[in-house]
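This is a predicted model, so every value here is computed, not measured.
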There are 2 protein chains.
Amino acid sequence: MSNPAPEGYDPHAYAPFAVTVDLAVFTVRDARLHVLLVERGQEPFRGRWALPGGFLLPRESAGDAARRELAEETGLGPGTVGALHLEQLRTYTDPDRDPRMRVVSVAYAALLPDLPEPRGGGDAASARWWDADAVGPLAFDHDRILADARDRIGAKLEYSCLATAFCPAEFTLGELQQVYETVWGVELDRPNFRRKVLSAPGFVQPVGGPPRRTGGRGKPAALYRAGDATALHPPLLRPPRTDASSSGTEGHDR
Amino acid sequence: MSNPAPEGYDPHAYAPFAVTVDLAVFTVRDARLHVLLVERGQEPFRGRWALPGGFLLPRESAGDAARRELAEETGLGPGTVGALHLEQLRTYTDPDRDPRMRVVSVAYAALLPDLPEPRGGGDAASARWWDADAVGPLAFDHDRILADARDRIGAKLEYSCLATAFCPAEFTLGELQQVYETVWGVELDRPNFRRKVLSAPGFVQPVGGPPRRTGGRGKPAALYRAGDATALHPPLLRPPRTDASSSGTEGHDR
DNA sequence: TTCTTTATAGTCACTCTGACTATAAAGGCT
DNA sequence: AGCCTTTATAGTCAGAGTGACTATAAAGAA
């Protein structure tokens with residue numbers, strides 16, 4: 001290494017950084033992508049909405065910190081939080097991203113089925129779900145993080161079984177298709193979607209017997225649960241964009 | 001945030017972290033994947049080989065630090081380093097990953113064409129290329145970082161135009177195919193590879209006129225240079241693994 | 001009942017892919 | 001020179017996958 005720590009290994013001399021995690025927590029509600037945001041109670045950006053997150057504790061990994069913060073913000077039990085999929089997105093290190101001090105932030109994305117409003121436990125008093133297309137300017141560089149998270153989630157739906165994380169334990173293929181359509185912002189052909197999902201080994205498995213979902217208007221649908229595969233073969237590719245809307249800014253840093 | 005900084009914003013109180021970058025720099029040489037390593041001159045892990053890297057300067061982003069370190073280790077000019085593709089992999093935050101102090105490290109991957117041995121400038125005196133399959137145990141958690149980097153590079157070859165970064169400015173399709181075969185560890189059918197590469201818009205563009213490569217034994221090949229596309233449509237999918245050699249720990253990143 | 005809605009089954013043409021064969025153009029040999 | 005080896009490039013062909021589409025089934029609503 002070219003900036004080796006000094007002989008005495010004094011952390012303060014070479015450790016002028018704070019480290020945080022930021023969480024982009026998504027759910028699909030009413031056929032819209034929603035993201036969990038918290039209102040800031042103090043400067044800077046007081047009153048603005050931000051991604052939930054916080055500082056790493058002294059002997060905590062970023063993944064552990066992300067799960068702890070998620071449990072605090074959502075009121076979910078540690079068991080639930082411990083089981084769900086947390087994906088590290090990337091790390092944001094712009095020297096000016098926090099006006100107070102030098103902060104690098106490790107961003108994570110999490111996917112949840114539709115849940116009741118977060119029970120404000122402690123500092124999560126002002127946490128709520130927002131339509132991901134209707135969030136105003138967020139605090140810090142969180143607009144950028146949110147955009148990167150949406151890109152990543154959309155891409156992962158293509159070749160991973162991640163979409164089931166948006167669904168409850170048992171779900172219909174219609175609900176699964178709704179997830180894809182909502183995240184991608186496109187409409188998919190129902191018979192074709194069905195054919196592809198069922199032909200991908202381990203993506204979903206039918207729930208035993210002939211159980212069917214109640215409540216809807218049309219013919220009841222068969223129920224499935226998530227299979228044991230994590231990768232999707234063959235992948236479920238997004239239809240090529242016609243023309244409009246291209247957001248992604250290929251891998252820069254800041 | 002749940003661990004807000006204190007009123008006075010004293011960096012030392014909430015900033016007990018050092019931040020480094022680690023670089024997985026790859027090249028293809030003699031049909032083998034090689035990685036740039038440096039020998040550690042001091043404890044811990046004195047005498048062990050490690051990924052190049054170092055501490056962030058006080059007002060430097062991780063990407064800038066990675067480019068600076070790369071220039072120092074390889075002896076490449078800042079112009080060259082500024083142009084090449086640096087991809088942020090992920091960030092490693094295990095509290096015990098560095099025995100000296102709490103260090104979080106942002107890992108980057110870089111791809112270079114085959115170059116002469118690194119000219120040891122300054123601390124790069126002991127930098128050299130290693131066959132990526134023959135590296136002993138590395139310092140810190142660098143074995144893990146290296147494995148993650150190889151996974152990521154292999155995955156990105158499928159749907160991005162990254163492979164041209166391993167090639168010189170002008171290259172033959174045979175050389176490009178060699179990159180894929182080396183990184184993936186498989187043999188590809190030459191006519192089929194050719195068909196796919198040429199049918200992907202913007203992947204490669206023929207060099208004007210009828211120039212042909214000299215030196216080899218067989219029929220001279222046409223030269224190409226990298227096109228202007230960054231994504232690959234349709235993707236160039238890896239053949240499904242027969243059975244042998246499974247290193248990957250499922251759930252890649254893309 | 002009839003209409004609307006959703007689920008599911010099936011068809012068909014087109015494209016892409018992998019496996020393969022054939023030909024061209026170079027250098028190395030004897 | 002003539003032949004062999006090597007590499008590049010062109011083309012063929014059957015099978016898998018895909019998008020677009022039609023048809024039928026099963027529920028609630030009007």
Side-chain angles (χ1 to χ4, degrees), chain A residues 30-31 157-159 167 170-182 184 186-201 203-207 209-225 231-242, chain B residues 30-31 157-159 167 170-182 184 186-201 203-207 209-225 231-242:
Chain A
D30 301 329
L157 290 197
E158 289 190 323
Y159 59 92
C167 297
E170 299 191 341
F171 52 88
T172 68
L173 295 188
E175 290 167 345
L176 187 63
Q177 181 175 348
Q178 184 72 255
V179 168
Y180 277 89
E181 291 180 332
T182 300
W184 286 347
V186 298
E187 291 206 342
L188 302 175
D189 179 84
R190 201 178 283 268
N192 289 343
F193 179 83
R194 176 187 188 77
R195 184 216 296 154
K196 289 201 217 180
V197 168
L198 293 181
S199 75
F203 190 10
V204 299
Q205 54 190 33
V207 167
R212 330 205 121 234
R213 161 141 307 192
T214 168
R217 261 183 285 292
K219 172 179 174 178
L223 290 176
Y224 297 82
R225 62 182 76 218
L232 209 48
H233 285 293
L236 228 158
L237 295 179
R238 227 179 314 209
R241 318 211 124 228
T242 52
Chain B
D30 301 328
L157 289 197
E158 290 190 321
Y159 59 92
C167 299
E170 299 192 342
F171 53 88
T172 68
L173 295 189
E175 291 166 344
L176 188 63
Q177 181 174 348
Q178 184 72 256
V179 168
Y180 276 89
E181 292 180 332
T182 301
W184 287 348
V186 297
E187 291 207 340
L188 302 175
D189 178 83
R190 201 178 282 268
N192 290 343
F193 179 83
R194 177 187 187 75
R195 185 216 294 155
K196 290 199 216 181
V197 168
L198 293 180
S199 73
F203 189 10
V204 299
Q205 54 190 33
V207 166
R212 332 206 120 232
R213 161 139 307 190
T214 168
R217 262 182 284 292
K219 171 178 173 179
L223 290 175
Y224 297 82
R225 61 181 76 217
L232 208 48
H233 287 294
L236 229 159
L237 296 178
R238 225 178 315 208
R241 319 207 127 228
T242 52

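The side-chain contact (heavy atoms from CB on, under 4.5 Å) check on Glu181(B) picks up Gln177(B), Gln178(B), Glu187(B), Leu188(B), with sequence neighbours excluded. Under the side-chain contact (heavy atoms from CB on, under 4.5 Å) criterion, Pro220(B) pairs with Arg212(B), sequence neighbours left out. Listed by chain and number, the residues in a salt bridge (Lys or Arg N to Asp or Glu O under 4.0 Å) with Arg225(B) are Glu170(B) (sequence neighbours excluded). Residues passing the ring-ring contact (aromatic ring centres under 6.0 Å, His included) test with Tyr180(B) are Trp184(B), Phe193(B), sequence neighbours excluded.
In this structure, Leu223(A) atom CG and dA7(C) atom P are separated by 11 Å, rounded to whole Å. dA7(C) atom P lies 13 Å from atom CG of Leu198(A), rounded to whole Å. Between Leu236(A) atom CG and dG19(D) atom P the separation is 9 Å, expressed in whole Å. Regarding Tyr224(B), its OH atom lies at a distance of 11 Å from the P atom of dA8(D), rounded to whole Å. In this structure, the CD atom of Glu181(B) is 12 Å from the P atom of dT7(D), given to the nearest Å. Distance CZ (Arg190(B)) to P (dA8(D)): 4 Å, rounded to an integer number of Å. The CG atom of Leu173(A) sits 6 Å away from the P atom of dT8(C) (whole-angstrom rounding). Across the protein-nucleic acid pair, Arg194(A) atom CZ and dA20(D) atom C1' stand 18 Å apart, rounded to whole Å.
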Margin query: Treating primed atoms plus P, OP1 and OP2 as sugar-phosphate and everything else as base, which nucleotides of nucleotides 11-21 of chain C get B, S or - for protein heavy atoms under 4.0 Å?
Written below: B-----BBBB-

Margin query: For nucleotides 23-30 of chain C, give me one character per nucleotide, 5' to 3': B if any protein heavy atom sits under 4.0 Å from the base, S if the only such contacts are to the sugar-phosphate, - if neither.
Written below: -BBBS---

Note to self: Evaluate Leu176(A) against Phe203(A) for side-chain contact (heavy atoms from CB on, under 4.5 Å), listing each step before the verdict.
What the structure shows: CA-CA 11 Å; Leu176(A) 187 63; Phe203(A) 190 10; 4.0 Å; yes

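For the pair Leu157(A) and Leu232(A), the tightest heavy-atom approach, listed with the atom from each and the gap, is O-CD2, 4.0 Å. Minimum heavy-atom separation, Val179(B) to Cys167(B): CG2-SG, 3.9 Å.
Paired with Asn192(A) under the rule side-chain hydrogen bond (donor to acceptor under 3.5 Å, both in side chains), one option of Arg194(A), Lys196(A), Arg195(A) passes, and it is Arg195(A).
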